[in-house]
Protein chains: 2
Amino acid sequence: MERNTRQRDAILDVISGAGRPLSTQEILAAGKAAVSSLSIATVYRTLRDLVAEGHILPVKLPGEADRYEMARLDDHYHFKCSTCSKVFDIHDNIKKNNLHVPRNFVIDKYDLILYGQCSDCVPKH
Amino acid sequence: MERNTRQRDAILDVISGAGRPLSTQEILAAGKAAVSSLSIATVYRTLRDLVAEGHILPVKLPGEADRYEMARLDDHYHFKCSTCSKVFDIHDNIKKNNLHVPRNFVIDKYDLILYGQCSDCVPKH
DNA sequence: TTGTTAGTGATAACAATATATCAATAGCAA
DNA sequence: TTGCTATTGATATATTGTTATCACTAACAA
């Protein structure tokens, strides 16, 4: 970055304060609390720059647009609530030697995505 | 389906013979071996019907178009080769009680995707 | 065979992001 | 302050994968 703008600060604040990956629309909505004129174009541009600078990472789920969260979080995977569509970080990992692949296959990394109900959406009894 | 066409047979043969999930373009290319005039529109229409009839299932990977494989395969997950982009079935499963989620979260299902090199693409030494 | 009509092929249209454009605005160095 | 220009906001455009359209073809019952 070359200049420090209110828009950029607002976007980074929103992501670092969220504690879970946010969609571009969530970032736009939350960012408008700080800069009411904030445009979706600026959100996309700033996210691209923040990713390039290594501050944030895209979180990819099948069939869905990227969400974003702070980089350098602990090893973790993601949980998507099927009811409210929020995605949560699960700070845990699976041991790679528990994963069995065919002979001569090499594992670089893995993505584990859990689907279900978060505590706000699970039916009470 | 109402009629049994050469196109439909070719598409189902390609998928059932592949042993791994195929993209629409892979299905189109392989299907043309049997029906050289095969159109991508027919591929999409037939895939939609075969899914609706329960013969095949879409395989969803983050940021990628759906692939397709036969339904009623054993419990398994997927491995994507980062070099050749092929996706392979891994016939294994992880125990759900090995997965730790926050209190009051409920897991319905999970997707595990491994990334790395398949045996054809791993560097020989 | 033949007639009916489901299915096909070619391509236009669509949907859902994401990027490019450009005049206006606002960081920030001097 | 002022001036330069990076950044912004609004919106047009691009992109990618999928679906709709429609004239033509072929499956199959009679």
Mind calculating the distance between [atom1] ([X]) and [atom2] ([N]) to the nearest angstrom?
X	N	atom1	atom2	result
A:Gln25	C:dA18	CD	C1'	12 Å
A:Leu47	C:dT19	CG	C1'	13 Å
A:Arg8	D:dG9	CZ	P	15 Å

Non-neighbouring partners of A:Lys86 that pass salt bridge (charged side-chain N to carboxylate O under 4.0 Å, His left out), sequence neighbours left out:
none

Write out all pairs satisfying side chain to side chain donor-acceptor pair (under 3.5 Å) with one or both partners inside residues 57-66 of chain A, taking only residues at least two apart or from two chains.
A:Lys60-A:Asp66, A:Glu64-A:Arg67, A:Glu64-A:Lys80

Can you tell me how far apart CG (B:Leu112) and CD1 (A:Ile94) are? Round to the nearest 0.5 Å.
5.0 Å

Have B:Asn93 and B:His76 got a donor and an acceptor in their side chains that come within less than 3.5 Å?
no

Looking only at the side chains, is there a donor atom on one of A:Arg8 and A:Thr5 sitting less than 3.5 Å from an acceptor on the other?
no

Check side-chain contact (heavy atoms from CB on, under 4.5 Å) between A:Asp92 and all other residues, then give those that pass, not counting sequence neighbours.
A:Tyr77, A:Ile90, B:His100

Spell out protein contact along nucleotides 11-19 of chain D as letters: B when the base is contacted, S when just the sugar-phosphate is, - when no protein heavy atom is under 4.0 Å; keep the 5' to 3' order.
B-----SBB

Summarise protein proximity over nucleotides 23-30 of chain D in one line of letters, 5' to 3': B for base, S for sugar-phosphate only, - for none, counting protein heavy atoms closer than 4.0 Å.
---BBS--

When the aromatic ring centroids of B:Phe105 and A:Phe79 are compared, is their separation below 6.0 Å?
yes

Pairs flagged by salt bridge (charged side-chain N to carboxylate O under 4.0 Å, His left out) wherever residues 22-34 of chain B is involved - sequence neighbours left out:
B:Arg20-B:Glu26

